[in-house]
Protein chains: 2
Amino acid sequence: MYSFAEENYLKAIYKLQEHSDLAVNTNSIATSIQTKAASVTDMIKKLSDKKLLKYEKYKGVELTNLGKKIAIETVRKHRLWETFLHDKLKFAWDEVHDIAEQLEHIKSSELIDKLDEYLGFPTHDPHGDPIPGRNGVIIQSNFVLLSELKVGESGVISGVVNHSSVFLKHLEKNGLTLGKKVQVKEIGEFDQLVQLLLSTKESILVSNEVVKNILVKIQYS
Amino acid sequence: MYSFAEENYLKAIYKLQEHSDLAVNTNSIATSIQTKAASVTDMIKKLSDKKLLKYEKYKGVELTNLGKKIAIETVRKHRLWETFLHDKLKFAWDEVHDIAEQLEHIKSSELIDKLDEYLGFPTHDPHGDPIPGRNGVIIQSNFVLLSELKVGESGVISGVVNHSSVFLKHLEKNGLTLGKKVQVKEIGEFDQLVQLLLSTKESILVSNEVVKNILVKIQYS
DNA sequence: AATAATTTTTAGATTAGCCTAAAATTATTT
DNA sequence: AAATAATTTTAGGCTAATCTAAAAATTATT
């Protein structure tokens, strides 16, 4: 059984090494977990002793298979709880993260499997992130940044890069929620503002910063 | 915000003082929380500093209104989560306690209110224990021990005194679950074995130890 | 009322997780 | 390649929650 802190470290390291197979360095862990480098060094020594990661002084860390397993289980719990909070308890998508950060540490594999079943074995959480299966397999969706679309192209909003509450609220206010179809109408040459056509025929103008943080599934028509 | 340990102490003290208005002594807390008396002394000093209880050396403790409030909130959370686990996730009534012990410490009043609503504002948990309301009010039901019934009298099973898994499993096996109507048919003069008539017309024989741990709502016919 | 038994508290340690400040190592400039 | 900058580790401390063993206080017994 692992502590809350241990699970948080494993999850943070997992996310840092996810999109690059280099060793994860101390400072980046410290930043991502909002703590000090000295604390990170303490903890990675402990995790190394427990065979959850490989650690070489001054050379960063890499999760072992065991460490990766625990990290993925924690991500699975987090995303299932987020789905529960959103789908069943009707929390807004910007409200689910903080509560799920607590719920993800509840110890009971039976609980999480029953929750999974109760939710109908969802594949993605309220932000479009994939939910790892019981077996730890994560189905990678081939989503693309909305900023990659050219004028005239369409896509269905399927995820977000930025998970901050302020960004999610902004999307909500503009009707840019998961499942919505958008078409790029025009991209401002001077300021890169993007005009989007929604399926409601409504047309909205959003900044480049917004489209760079939205993931879409391309629609070929 | 209170720690898990603090909430557990408050809950334990609350339950010990619930059915007697004497001060709660150190040893009984230690026993109920499965720790040592020295640890209890340490903790009650801290809780006393935080105005959660009144403590006089060698004379036991009494919760303040604030302490009682936190304790009741924790009980409310525990019982709502038990209800969720049983009603929605279909856990057996002997399986819900341990998981709820963890879930009761999740910090979010919005969460617990939404859960309450989602469950349809239940008044009792899967063991028949009353669920405190948002306001902290606990509706006391006037249940009676099944062992108090005389031959010929009937009642509806509404709660249990013993919450142990082995006892609950035993009841389940005998069809003695919440809501079931039972009539006392005969009480053995020699060994006090009780013959119960179920509404299925089935007749079962149970020990005195069993009827002493079942609460019923008397049925006047 | 004195002694014995029990309960409670204190004293002193331990572990997990975090911190600051200083030292050690590695990376980057000039 | 030496000097400077940045990163990482170590050393030493802190707090929360626990423990054991010993001392103090209370309660029960003779």
Side-chain angles (χ1 to χ4, degrees), chain A residues 1-14 16-17 20 22-63 66-67 70-71 74 101-102 104-107, chain B residues 1-14 16-17 20 22-63 66-67 70-71 74 101-102 104-107:
Chain A
M1 218 52 57
Y2 303 98
S3 70
F4 283 28
E6 287 171 336
E7 288 179 354
N8 284 336
Y9 271 90
L10 293 173
K11 201 176 66 159
I13 297 165
Y14 173 74
L16 289 168
Q17 76 169 27
S20 87
L22 299 151
V24 176
N25 52 322
T26 304
N27 254 353
S28 59
I29 299 171
T31 306
S32 99
I33 226 163
Q34 304 218 67
T35 184
K36 297 298 151 78
S39 309
V40 174
T41 304
D42 279 356
M43 180 58 99
I44 61 188
K45 276 182 192 162
K46 201 178 353 158
L47 296 175
S48 174
D49 290 346
K50 294 192 181 182
K51 311 281 182 211
L52 291 162
L53 46 78
K54 273 217 299 259
Y55 168 52
E56 264 189 282
K57 265 193 201 174
Y58 295 101
K59 296 193 174 164
V61 300
E62 258 175 289
L63 293 181
L66 176 57
I70 308 300
T74 308
E101 282 289 299
Q102 301 179 60
E104 72 188 8
H105 301 298
I106 303 292
K107 267 77 183 170
Chain B
M1 218 53 57
Y2 303 98
S3 70
F4 284 27
E6 286 170 336
E7 288 179 353
N8 284 335
Y9 271 89
L10 293 173
K11 201 178 63 158
I13 296 165
Y14 173 74
L16 288 168
Q17 76 170 26
S20 88
L22 298 152
V24 176
N25 53 323
T26 305
N27 254 351
S28 58
I29 299 172
T31 306
S32 101
I33 226 164
Q34 304 219 68
T35 183
K36 297 297 150 78
S39 309
V40 173
T41 304
D42 281 356
M43 181 57 99
I44 62 187
K45 276 182 191 160
K46 203 181 346 160
L47 296 175
S48 174
D49 291 347
K50 293 192 180 181
K51 311 282 183 211
L52 292 162
L53 46 78
K54 272 218 300 258
Y55 168 51
E56 263 189 281
K57 265 194 200 172
Y58 294 102
K59 296 193 174 162
V61 300
E62 259 176 288
L63 294 182
L66 176 57
I70 309 301
T74 309
E101 282 289 300
Q102 300 179 61
E104 71 188 8
H105 301 296
I106 303 293
K107 266 80 184 169

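As the structure is a computational prediction, the values presented were derived from the model and not from experiment. Side chains are part of it too, since the values below use all heavy atoms of this structure and drop only hydrogens, waters and symmetry mates. Here is the naming used below: chain letters follow the sequence lines, and residue numbers restart at 1 for every chain.
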When you match Glu56(B) and Ser39(A) each to their closest nucleotide on DNA chain C, which lands nearer the 5' end?
Glu56(B)
Per atom distances to the Met43(A) side chain, the nearest of dT10(D), dT20(D), dC18(C) is dC18(C)
Short side-chain N/O contact to dC18(C) OP1/OP2 from Tyr9(A), under 4.0 Å:
yes
For Glu6(A) and dC18(C), what is the distance between atoms CD and P respectively, to the nearest whole Å?
10 Å
Given dT8(D), is OP1 or OP2 found less than 4.0 Å from the side-chain N or O atoms of Asn27(A)?
yes
Relative to the 5' end of DNA chain C, which residue comes earlier, Asp42(A) or Lys59(A), by the nucleotide with the nearest heavy atom?
Asp42(A)
May I ask you to check whether over 12 heavy atoms, not counting those of Lys59(B), lie within 6.0 Å of atom NZ?
no
Taking the side chain as every heavy atom from C-beta outward, state whether Tyr9(A) and Thr35(A) have any atom pair closer than 4.5 Å.
yes
Pairing partner (Watson-Crick or G-U wobble, both distances under 3.5 angstrom) of dT8(D)
dA23(C)
State whether the side chain of Gln17(B) and the backbone N or O of Glu62(B) hold a donor-acceptor pair below 3.5 Å, judged by distance alone.
no
Could you check which of dT8(D), dT10(C), dT10(D) has an atom nearest any side-chain atom of Ala38(B)?
dT10(C)
Around atom NZ of Lys51(B), are there more than 12 heavy atoms from other residues, nucleotides or ligands closer than 6.0 Å?
no
Quick one: Glu7(B) CD to dA16(D) C1', roughly how many Å, whole number?
15 Å
Euclidean distance, atom NZ of residue Lys36(B) to atom C1' of dT9(C) [Å, nearest integer]:
16 Å
Could you tell me which nucleotide pairs with dT29(D) by Watson-Crick or G-U wobble geometry, both distances under 3.5 Å, or answer none if nothing does?
dA2(C)
Indicate whether OP1 or OP2 belonging to dT10(C) is found under 4.0 Å from a side-chain N or O atom of Thr41(B).
no
If you compare every side-chain N and O of Lys45(A) against the phosphate oxygens of dT9(D) (OP1, OP2), does one of them come in below 4.0 Å?
no
Would you indicate what Tyr55(A) reaches in the nucleic acid, counting non-hydrogen atoms under 4.0 angstrom: base, sugar-phosphate, or nothing?
sugar-phosphate
Report the distance from atom CG of Asp49(B) to atom C1' of dT15(D), rounded to the nearest whole Å.
14 Å
I want to check something: taking the side chain as every heavy atom from C-beta on, are Leu10(A) and Thr74(A) in contact at a cut-off of under 4.5 Å?
no
Given dA24(C), dT9(C), dT18(D), the nucleotide with the shortest approach to the side chain of Lys57(B):
dT9(C)
Options dT9(C), dT9(D), dC19(C), nucleotide nearest the side-chain atoms of Thr26(A)
dT9(D)
With a cut-off of less than 4.0 Å, is there a side-chain N or O of Asn25(A) near OP1 or OP2 of dT7(D)?
no
